Novice: 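Below are the structure tokens for one structure; questions will follow.
Indexing begins at 1, ligand by ligand and atom by atom, following the structure's order. The model shown is predicted, which means the values in this text are computed figures rather than measured ones.
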Amino acid sequence: MIDQRDVLSAAPPRFTSAEAEQLARQTCGLAGPVAHLDSERDQNFRIDDERRGRFLLKISNAAETEDVLGCETEALLHILATDASLPVTRPCPVEGDHYWASVAGHDGETHFVRLFTFLDGRHERPEALDGAALYAFGVTLARLGRALRGFWHPGAGRRLLWDERYASDLRPLLAHLDDGPRRAVATKALDGYQARALPLLGSLRAQVIHNDFSLDNTLLDDTKRVAGIVDFGDLVHTALMCDVSTALASLLAGRNDPLEVADALLAGYGSVTPFEPDEIAVLVDLLAARLVALVAIAAWRVEQFPDNTAYIMASVESAWAGLSWLDEHGFDSITKSFLQAAPLVRASTVSIAPKRQSSTTDLLERRQSAFGSALSPLSYEHPLRLVRAEGVWLFDAEGNAVLDAYNNVPVVGHCHPRVTEAIDTQARAVNTNLRYLHPNAIELAERLCASMPEGLDVCMFVNSGSEANDLAWRIATAATGGSGGIVTEHAYHGITEAIASLSPEEWVGDRRPDHVETILAPDGYAGRYRADEPDWAERYAAHIDDALAALAERDLRPAAVYVDSGFTSDGILDPPPEYLRELVRRTHDAAALFVADEVQAGFGRLGHCLWGFEKLGIVPDLVTLGKPMGNGYPVAAVIARSDLVDKFAQTTEFFSTFGGNPVACAAGLAVLDVIEDEELVRSAAETGHELHAALDLVGARHDSIGEVRGSGLLLGVALVGDAATRSPDPRLAHRVMNGMRERGVLVGTTGPHRNVLKLRPPLAVRSEHVALVARALGEALEEAGPQ
Ligand code: PMP
């Protein structure tokens with residue numbers, strides 16, 4: 001029984017735009033101009049409501065069932081809950097909490113009306129997509145498949161004519177094709193499918209899939225990346241691979257480089273979800289079945305709806321071209337090429353289960369005795385036991401999802417598949433050290449140096465931010481002959497002996513090392529000089545002269561000034577460029593070196609630029625990198641001027657066993673690739689701006705928010721007890737941080753008084769998450785009560 005024929009053979013609804021406008025007003029309370037959009041079997045209208053924005057009103061074909069509508073609605077909500085960064089439309093309730101309403105059509109039939117948020121973007125022709133765009137298309141499709149992996153709804157259990165698993169149902173439709181060579185090609189394609197693919201299909205991975213992820217159903221942005229995924233009307237439970245063959249059929253249309261197109265799509269898809277060998281073995285036949293479906297269903301429908309010929313026949317000629325290409329090149333040679341391009345799953349299964357199962361209480365006790373008393377305490381009053389992560393989401397042992405607005409290490413998103421795959425592949429190939437030649441470290445060093453201002457041309461690999469700062473200190477002291485250090489008053493730069501001395505945040509009591517001086521951090525909100533005073537930033541910078549004088553009094557020459565480009569431990573500050581320019585000028589006048597500590601701020605976090613110091617308009621002598629550099633895999637580096645390293649080399653040889661190992665550098669290279677391909681620096685600026693604005697809105701309702709500050713996706717929310725005196729309120733910050741955690745959003749606290757909420761989400765964070773963060777902050781503040 002082919003129930004899809006009902007929907008395909010029933011006439012599409014025929015509401016006029018004026019009627020749609022009336023429907024929008026009556027059922028959805030929307031008022032505004034209406035534009036008619038194309039649809040194969042439904043009717044779509046765009047509505048511009050001046051107040052509520054732009055929506056899509058969909059009037060379904062009379063043969064559509066509530067089961068299918070329910071399936072579509074729940075699938076979309078499931079996707080948004082699982083991977084909210086996927087650009088799918090959000091269903092909007094139309095009547096009470098119902099997602100559809102029924103209306104009577106001219107045909108006397110009942111039609112369902114639904115409302116969705118409108119997605120912007122353009123339809124593109126296949127030839128507009130270059131290799132990178134095709135790769136990205138594959139990545140998005142695979143992510144959509146992953147987001148749907150755990151979804152089920154009875155409506156997805158239908159038997160669709162567009163489901164390649166039932167391509168044999170197309171046979172009777174071949175009679176609608178002209179009886180000639182083309183029909184023979186289609187018949188041969190179905191024969192091949194039945195002989196080779198059909199016997200394997202039952203054993204392939206199956207789940208609910210979109211099943212029509214084509215250029216017709218995706219909207220692309222200016223860079224040709226998928227900005228909108230629409231039309232979930234073919235959603236069905238079938239072989240996962242049908243998503244790939246369907247996408248491929250669409251991307252090949254009219255192109256003369258089919259193998260290159262397939263290579264890029266398969267590489268992108270497989271970077272997220274590697275293929276099983278049998279999936280690649282059936283791909284040619286699934287592709288052929290899809291192309292036969294396109295020509296046969298069109299031939300059948302055009303007889304029924306001659307008025308709609310142009311729309312129905314739009315993809316037929318290119319489908320025929322695809323079929324004859326498959327026919328000419330043959331199954332074997334194309335499958336061989338697919339097998340070369342497609343990343344495959346590994347045969348072995350890896351168990352990550354701990355040897356001993358433990359309860360959370362048990363782990364808490366064992367943690368204390370295993371690690372001793374010096375280790376930082378666990379975060380949050382109600383500690384987290386995390387077992388899995390993806391994108392901006394962390395999952396605890398009970399399966400609860402928490403939104404990570406705190407961790408900057410997973411800069412491109414937790415467990416980004418391109419990074420995990422790069423680590424995995426390299427770890428299985430070889431892992432050695434820099435005493436042997438390997439391209440990874442060299443390539444990473446070259447790319448990092450190329451991203452820096454001229455003169456910063458040498459890269460030295462280590463394993464942590466602390467080591468990078470320690471090495472920078474050794475270079476600075478060797479190159480200048482000085483031994484004094486200057487840092488901001490509450491800075492943190494790391495854990496080694498030398499660097500703990502340069503980290504006042506960690507000094508206990510008045511333990512100030514003799515060779516270190518501190519300078520005021522440029523806090524224009526609550527510090528000594530306020531942002532509304534003239535030259536406030538330069539006045540802060542001028543304080544370095546006091547520090548230099550204090551060192552000189554003790555007969556110490558300065559070696560280096562260290563500044564964290566995000567002033568993270570000083571409470572997250574965003575001074576104007578004049579501040580650092582002045583500081584660097586005075587540092588150089590004193591013959592000292594300026595070290596930009598990019599361990600926090602680097603890799604795009606501040607938005608607009610890859611490095612925080614670029615945004616601040618200065619050129620440092622040494623740059624230290626760490627934390628996000630491997631997205632969680634330990635890798636860090638010092639980028640230095642070669643003349644400084646030459647002087648250092650006269651005093652010592654340098655080698656770090658793990659520094660620059662091929663696996664760490666594979667992670668580092670993948671991180672740079674993802675930052676580029678997913679344009680994360682730009683999105684850090686844009687989403688950071690949105691987050692800043694959303695936090696400001698919460699601030700407008702709560703006097704205890706003194707200031708929201710920072711840049712890009714490094715933001716601080718200063719909580720105060722009294723808005724007039726700007727007195728810090730660390731207890732409130734502690735309560736709000738825990739209150740947000742209870743609401744499933746992770747943030748931290750920072751600053752000399754620990755009254756500043758620290759927000760540093762992975763750069764993969766999107767607008768949907770911004771709303772969740774702002775809501776959690778508002779609720780946690782309300783719960784914390786009147787201050
Ligand atoms: N510099 C800064 C600015 C940091 O924030 C940190 C870590 N919090 C470090 C250096 C030290 O990095 P690691 O913990 O990797 O040694």
Novice: Salt-bridge test for R428 and D424: reply yes if a basic N is under 4.0 Å from a carboxylate O, no otherwise.
Specialist: yes

Novice: Any atoms of ligand 1 less than 4.0 Å from a non-hydrogen atom of N469? List them with their elements.
Specialist: 1 (N), 10 (C)

Novice: Between R388 and E390, is there a side-chain N and carboxylate O pair less than 4.0 Å apart?
Specialist: yes

Novice: What atoms of ligand 1 come within less than 4.0 Å of a heavy atom belonging to D597?
Specialist: 1 (N), 2 (C), 3 (C), 10 (C)

Novice: State plainly whether the residues D673 and R447 are in salt-bridge range, i.e. N to O under 4.0 Å.
Specialist: yes

Novice: Find all atoms of ligand 1 within a distance of less than 4.0 Å from any non-hydrogen atom belonging to S464, and give their numbers and elements.
Specialist: 15 (O), 16 (O)

Novice: Go through the side-chain N and O atoms of H414 and D404 and say whether any donor and acceptor fall under 3.5 Å apart.
Specialist: yes

Novice: Measure the distance from atom 16 (O) of ligand 1 to every protein heavy atom, then report the residue, atom name and distance (to 0.1 Å) of the closest one.
Specialist: S466 OG, 2.4 Å

Novice: Taking only heavy atoms of K627, which atoms of ligand 1 are found under 4.0 Å from at least one of them?
Specialist: 5 (O), 6 (C), 7 (C), 8 (N)

Novice: G465 heavy atoms, cut-off 4.0 Å: which ligand 1 atoms fall inside?
Specialist: 11 (C), 12 (O), 13 (P), 15 (O), 16 (O)

Novice: Could you list the atoms of ligand 1 found under 4.0 angstrom from a heavy atom of D564?
Specialist: 3 (C)

Novice: Charged N to carboxylate O below 4.0 Å: is that the case for D574 and R709?
Specialist: no

Novice: Closest non-hydrogen protein atom to atom 5 (O) of ligand 1, residue and atom name please, with distance?
Specialist: Q600 NE2, 2.7 Å

Novice: Check the pair D457, R641 against salt bridge (charged side-chain N to carboxylate O under 4.0 Å, His left out), reporting the backbone distance first and the verdict last.
Specialist: CA-CA 6 Å; D457 46 9; R641 292 198 338 242; over 6 Å; no

Novice: Is a salt bridge present between E421 and R418, judged by a nitrogen-to-oxygen distance below 4.0 Å?
Specialist: no

Novice: Among protein heavy atoms, which sits nearest to atom 10 (C) of ligand 1, and what does the distance come to when rounded to 0.1 Å?
Specialist: H493 O, 3.1 Å

